[in-house]
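So the structure is just underneath, and the comments pick up after that.
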Amino acid sequence: MKTFYSPAHAGHATEPGSAVELPERAETVRAEIESRGLGPVLAPQAFADEAILRVHPAELMSAFRDASAGQAFDPDTPVFKGTYMAARAAVDVALSGAHEIKDGARAAFALTRPPGHHAGAARPMGFFYF
């Protein structure tokens, strides 16, 4: 099974002592996948912004890209220096895994951080961006 992963997630460095969305979470999972020999850990394919724009409005993408560290979409969705790049890389990771399955693989793992399952189409929320 192929695992797709990007080290860009580490740029989304949450506050020290935070109980959620720590870079260590993804690194622990990646290290375990590698130590157990569960398959290669690969860099994701780069996808165009159009992939994001199929789900999210251009205004959201622009606002997020231009957000400064210290801003937040809500109390649970802060922006840090590398948050946009981490979230953007997470899209590439997720889509790489999806394409692996679409192309016939029985399994793939997309090790994304920040994950996106709480994000709404019109706005990030609950620690999730895209």
Side-chain angles (χ1 to χ4, degrees):
M1 173 182 71
K2 293 178 183 174
T3 294
F4 296 94
Y5 160 87
S6 172
H9 81 86
H12 177 58
T14 55
E15 299 292 329
S18 173
V20 295
E21 281 306 302
L22 299 171
E24 293 81 6
R25 292 173 70 191
E27 292 307 316
T28 299
V29 172
R30 182 194 51 77
E32 192 66 21
I33 289 168
E34 291 176 343
S35 74
R36 291 182 184 218
L38 297 178
V41 177
L42 305 170
Q45 175 184 340
F47 289 86
D49 288 347
E50 286 73 27
I52 296 171
L53 296 172
R54 286 186 197 123
V55 177
H56 301 286
E59 299 79 22
L60 171 65
M61 194 167 176
S62 294
F64 187 17
R65 187 182 303 127
D66 297 338
S68 299
Q71 291 181 292
F73 290 100
D74 64 34
D76 291 330
T77 316
V79 175
F80 300 98
K81 182 178 178 183
T83 299
Y84 176 79
M85 292 306 298
R88 182 64 185 81
V91 169
D92 291 340
V93 168
L95 291 175
S96 292
H99 277 262
E100 182 72 8
I101 299 298
K102 180 183 170 204
D103 291 343
R106 292 185 57 206
F109 182 59
L111 179 51
T112 59
R113 182 183 172 274
H117 61 274
H118 289 184
R123 73 183 190 101
M125 64 180 168
F127 301 101
F128 306 103
Y129 301 86
F130 289 127

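All values reported here derive from a predicted model rather than from experimental measurement.
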Taking every non-hydrogen atom, the tightest pair across Phe73 and Leu60: CE2-CD1, 4.4 Å

Name of the residue among Arg30, Arg25, His9 meeting side-chain contact (heavy atoms from CB on, under 4.5 Å) with Leu111: Arg30

When rounded to the nearest 0.5 angstrom, what is the spacing between CG in Asp49 and NE2 in His56? 11.5 Å

Count I, L, V, M, F, W, Y as connected when their side-chain heavy atoms are under 4.5 Å apart, and connections chain through other members. Are Val93 and Ile101 then in the same cluster? no

What pair of heavy atoms forms the shortest contact from Asp92 to Arg88, and how long is it? OD1-NH1, 2.9 Å

Using the rule that two of Ile, Leu, Val, Met, Phe, Trp, Tyr join whenever any of their side-chain heavy atoms come within less than 4.5 Å, decide whether Leu53 and Phe64 are in one cluster. yes

If you compare all heavy atoms of Gln45 against all heavy atoms of Ser96, which two are closest, and at what distance to 0.1 Å? N-OG, 2.8 Å

Honestly curious: do Tyr84 and Val79 fall in one hydrophobic cluster under the side-chain, below-4.5 Å linking rule? yes

Got a salt bridge between Glu50 and Arg54, using NZ or NE/NH1/NH2 to carboxylate O under 4.0 Å? no

Looking only at heavy atoms, which two atoms of Gly97 and Ala108 are closest? And how far apart? O-CB, 3.8 Å

Are Val55 and Ile52 connected into the same hydrophobic cluster when the rule is that any two of I, L, V, M, F, W, Y join if their side-chain heavy atoms are below 4.5 Å apart? no

Side chains of residues 114-130: which donor-acceptor partners sit under 3.5 Å, not counting sequence neighbours?
unit_1: Tyr129; atom_1: OH; unit_2: Pro78; atom_2: O; d: 2.3

Between Tyr5 and Glu27, is the side-chain contact (heavy atoms from CB on, under 4.5 Å) condition met? List the steps. CA-CA 10 Å; Tyr5 160 87; Glu27 292 307 316; 2.3 Å; yes

Just list the side-chain donor-acceptor pairs under 3.5 Å for residues 36-44, sequence neighbours left out, or say none.
unit_1: Arg36; atom_1: NE; unit_2: Glu32; atom_2: OE2; d: 2.5
unit_1: Arg36; atom_1: NH2; unit_2: Glu32; atom_2: OE2; d: 3.1

How would you list, by chain and number, every residue that makes a side-chain hydrogen bond (donor to acceptor under 3.5 Å, both in side chains) with His12, sequence neighbours excluded? Thr83

Can you tell me how far apart CZ (Arg113) and CG (Leu22) are? Round to the nearest 0.5 Å. 7.0 Å

Around Met85, counting heavy atoms of other residues, nucleotides and ligands shown, do more than 12 lie under 6.0 Å from its CE? no

